[in-house]
Amino acid sequence: MSLISAQTVAEHASSDSCWIIVHGYVYDVTEFLPEHPGGSRIILKYAGKDATEAYDPIHPPDAITTHLPKHKHLGPVDPKTVVKVEKVLSEEEKKRQELVAARPSIDEIVNLHDFEAVAKAILPPKAWAYYSSASDDEITIRENRAAYQRIWFRPRVLRDVSVVNWSTTILGYKSSLPVYISATALGKLGHPDGELNLTRAAGKHGVIQMIPTLASCSFDEIVDAAVPNQTLFLQLYVNRDREITKRYVQHAEKRGVKALFITVDAPQLGRREKDMRMKFVDEGGVAKVQEGDSGVKKDEGVARAISSFIDPSLSWKDIPWFKSITNMHIVLKGVATPADALMAYDYGLSGIVLSNHGGRQLDTARSGVENLIDIVAALKTRGPWPNPRFAIFVDGGVRRASDVLKAIALGASAVGVGRAFMYSFCAYGQEGVEKAFQIFRDELEMNMRLIGARSIDELTPDLVDASGLHAHVGLTPTDNLYNTTYQPLALAQFRTK
Ligand code: PPY
């Protein structure tokens, strides 16, 4: 195949003819411009140029080849013609890189909040905005933490706790921790290896990872990074085109994924204002919108930009179809009420995740751990509980092993942790994730001894006092570590010259 010179590519730098280079290959994306889920503006910024750096963090490597018809794949760029442009670092970027170099040594990290604080300091502002943002007034994201602080321990004593064991099974698969890695999207915004940091650490330590539909790495790259027999689950956003979903699910099953976690709390993506404002700043959008530039699309942040494929018509009627296309366990992620929990049970599913999507969807939704109380009570009406055929998981706000123990004591099978693991790799790569596992192990050992539970089975409701959980007001000690990393929302900014 003949090579295309960079100069030829540069001649196609408009919406009438738009070529871009990604990973050394030239693509004609002119006709794709109106279809790009992130809008055409962002592609046009790279028209006639190499877009790899902008493309990588937010697309799996194969996104462009699978979405663009073959005849638009024009050929490899001639590397000899590419003029290497010295990258000029902004003052902000220089400062950021200095902070990366001056990170605390990983030995200084003693809890999961430490990872978050490091990530907040060293992440590019857009990445931090996307990861940390939650919807509307961000009440729910904070409530997710606060709820755990309204549950108190009632420890048992004199139980010979010389040996304590926190290993368990999750949907029948061995797990060294009563915690799984929950799906978080776009891992390469925070670290060049993205989700692979999680896969590699999880494989080494016998922890289960839920692969995100919107990972930066491709599904196959993640599965390829796993060790033999490593248990992987898959989170699923259901595509409007069910054939795409079917292919994806069946491919996952073929590659050995054991459970499908269908996200049911995001028929439309929440408005995450930190993420939205970041985009405005970058594109100079505020000024242009105010000047009445009708060509400017009101930008809505990274997440909303790429979420148009998600099918809002998804309903209970689709459940039998999912059961017909896969033998994997099916779990609904994002259930919040006894009524829906009972429906999931009655549809013969394997479980539910009591989740509010890390506070990123419906603001002022209750926390998963609060919902756990009524949902366990409802499921008890269907027979003896715990029921080995139906698992309840909880996620949101977990930063301590004590949170995990509380949720399990109240009836959860295991707990999902998303952001905390993500921040651990943003800060220290795979080593960070491994350290996060170690912190969980240390905290689990200490807390299980102190509450008198030697195994996961011994975590029973009598060990906790959740009587204050439904009281949404009241005095609790301030969570200083969380509040320090929590970045308050900002209001609209005046323009500076
Ligand atoms: C989220 O951001 O909360 C997600 O679940 C991931 C995502 C990212 C982009 C579009 C839709 C969902």
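Not measured: the values here are computed from a predicted model. Numbering of ligands and ligand atoms starts at 1, following listing order.
Every atom of ligand 1 with a heavy atom of A185 under 4.0 Å away is listed here by number and element: 6 (C). Listed by atom number, the atoms of ligand 1 under 4.0 Å from L214 heavy atoms are 7 (C), 8 (C), 9 (C), 10 (C), 11 (C), 12 (C). Close approach of ligand 1 to Y237 (heavy-atom distance below 4.0 Å) involves ligand atoms 4 (C), 5 (O), 6 (C), 12 (C). The ligand atoms of ligand 1 that sit less than 4.0 angstrom from a heavy atom of R272 are 1 (C), 2 (O), 3 (O).
For the pairing with F437, the ring pair (Phe, Tyr, Trp, His ring centres under 6.0 Å) check across F421, F425, Y180 returns one residue only, F421. A salt bridge (Lys or Arg N to Asp or Glu O under 4.0 Å) with E138 holds for exactly one of R145, K274, R271; it is K274.
Contact annotation for H357 and ligand 1: only side-chain heavy atoms (C-beta onward) come within less than 4.0 Å of the ligand. If you look at L269 next to ligand 1, the close heavy atoms, those under 4.0 Å, all belong to the side chain.
Residues R255 and Q250 have side chains that never bring a donor and an acceptor to within less than 3.5 angstrom of each other.
A cation-pi arrangement, defined by a distance under 6.0 Å to the six-membered ring centre and an angle within 45 degrees of its axis, is absent between R242 and F309.
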Report the C-alpha distance between E31 and K72 in whole Å, list the side-chain angles of each, state the deciding distance to 0.1 Å, and finish with yes or no for salt bridge (Lys or Arg N to Asp or Glu O under 4.0 Å).
CA-CA 9 Å; E31 283 166 28; K72 303 285 178 190; 3.3 Å; yes

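Between Q235 and ligand 1, no N or O atom pair is found at a separation short of 3.5 Å. Not a single N or O atom of S307, backbone or side chain, sits closer than 3.5 Å to an N or O atom of ligand 1.
Counting heavy atoms from C-beta on, the side chains of L260 and F233 never come closer than 4.5 Å.
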